[in-house]
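Everything on this sheet refers to the single structure shown next.
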Amino acid sequence: GAAAAAKDEL
Amino acid sequence: MNIFRFAGDMSHVVSILVLLLRLRSSKSAVGISLKTQELFLIVFVTRYLDLFTTFYSLYNSFMKVAYIASTTYIIWMIRFQEPYKSKYDASQDSFLHIKFAVAPCAGLALFACLVKGELSPIDILWTFSIFLEALAIVPQLFVLQRYREVENLTGHYVFFLGAYRGLYILNWVYRSYYEQFYRHNWLVYVSGAVQTALYVDFFYYYVVSKYYGGKLTLPT
C-alpha cells in the first residue's frame with residue numbers, strides 16, 4: 001500500500 | 001530501504017558512538033551541549049511512539065530503541081555521573097532555552113496537522129518531532145562557537161550528525177523517484193533541508209580543516 005510518507009523512516 | 005537511508009542511519013549511529021567515545025576519552029562534557037542531547041531525546045520519544053502501534057521491521061524497531069536508550073544514557077551520564085556532572089558548565093550551554101524551541105514547534109505542528117486534518121495525537125507529536133529535530137543541533141553549534149577551537153572527536157560527532165539528515169534528503173529524492181506509491185510529506189522535506197542547512201558552515205570549516213590539516217576552528 002501507499003508507504004506512509006516518511007513514517008517508516010527513523 | 002535504500003543505500004542513502006541506510007548510510008544516513010549508519011552516519012547517525014557513528015555520531016552517537018563517537019560522542020560516547022569522546023565523553024569517555026576526555027572524561028568531561030566540556031564542549032558538548034547537554035541541551036542538544038535533551039532536545040534529541042524529546043525528538044526520539046515523540047517520533048517513535050509508533051513503536052507500540054506499528055511494526056515496520058526488526059531493524060526499524062531496534063534502531064528506535066537504540067536511539068532512545070543511547071541518548072538517555074548520555075544525558076544521564078552528563079547530568080548525574082562524575083566527573084561529567086561537576087565539570088558540566090551550564091552557563092556555557094545557555095543558548096536557546098528548551099521551551100523556546102519546543103513551544104514554536106508544538107504550535108506549528110498543531111497548525112500543520114489542523115490544516116492536514118490529521119488530528120491523532122501520534123501524528124501531531126510525530127510532526128512536532130520533525131520540526132524540533134531541525135532545531136535540536138542549535139545549542140551544540142553555539143557551544144562550538146563559544147569554545148571556537150573544536151576538539152577532534154567533537155568535530156566528527158557533529159559532522160556525522162549533520163550528514164545523517166543530509167543523506168536522508170537523498171533518500172527522499174530516491175524514494176520519490178523509484179517508489180510508485182510513496183506519498184510526499186513536504187513538511188519533512190522542508191524541515192530536513194533547514195536542519196541540514198544549519199550545518200553548512202560547520203561542514204565548510206570541517207572539510208577545510210581536514211583537507212589542509214590543522215585544527216578545526218570556527219570564526220567568532
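Proteins get letters first, then strands, A, B, ... in listed order; numbering begins at 1 in each. All values below were derived from every heavy atom in this structure, side-chain atoms included, with hydrogens, water molecules and symmetry-related copies excluded. No experiment lies behind these values; they were computed from the predicted model shown.
- Scanning both residues, A:Ala6 and B:Trp172, for their nearest heavy atoms gives CB-NE1, 4.5 Å.
- Of residues 58-66 of chain B, those residues lying under 4.5 Å from chain A by any heavy-atom pair are B:Tyr59, B:Asn60, B:Met63, B:Lys64.
- B:Phe55 CZ to A:Asp8 CG: the interatomic distance, rounded to the nearest 0.5 Å, is 13.0 Å.
- Looking at B:Tyr67, only its side chain comes within 4.5 Å of chain A, counting heavy atoms on both sides.
- Ranked by non-hydrogen atom pairs under 4.5 Å with chain A, the options B:His184, B:Met1, B:His12, B:Arg5 are led by B:Arg5.
- Rounded to the nearest 0.5 Å, atoms CG (A:Leu10) and CZ (B:Phe44) are 9.0 Å apart.
- Along residues 151-158 of chain B, no residue comes nearer than 4.5 angstrom to chain A, judged on non-hydrogen atoms.
- Summarising the geometry, atom CD belonging to A:Glu9 is positioned 8.5 Å from atom CG belonging to B:Asp9; distances are rounded to the nearest 0.5 Å.
- Of the listed residues (B:Ile130, B:Asn171, B:Val188), the greatest number of heavy-atom pairs within a distance under 4.5 Å of chain A belongs to B:Asn171.
- Within a 6.0 Å sphere centred on OH of B:Tyr147, other residues, nucleotides and ligands contribute more than 12 heavy atoms.
- Sparse packing is recorded around OH of B:Tyr178, with 12 or fewer heavy atoms of other residues, nucleotides or ligands lying under 6.0 Å away.
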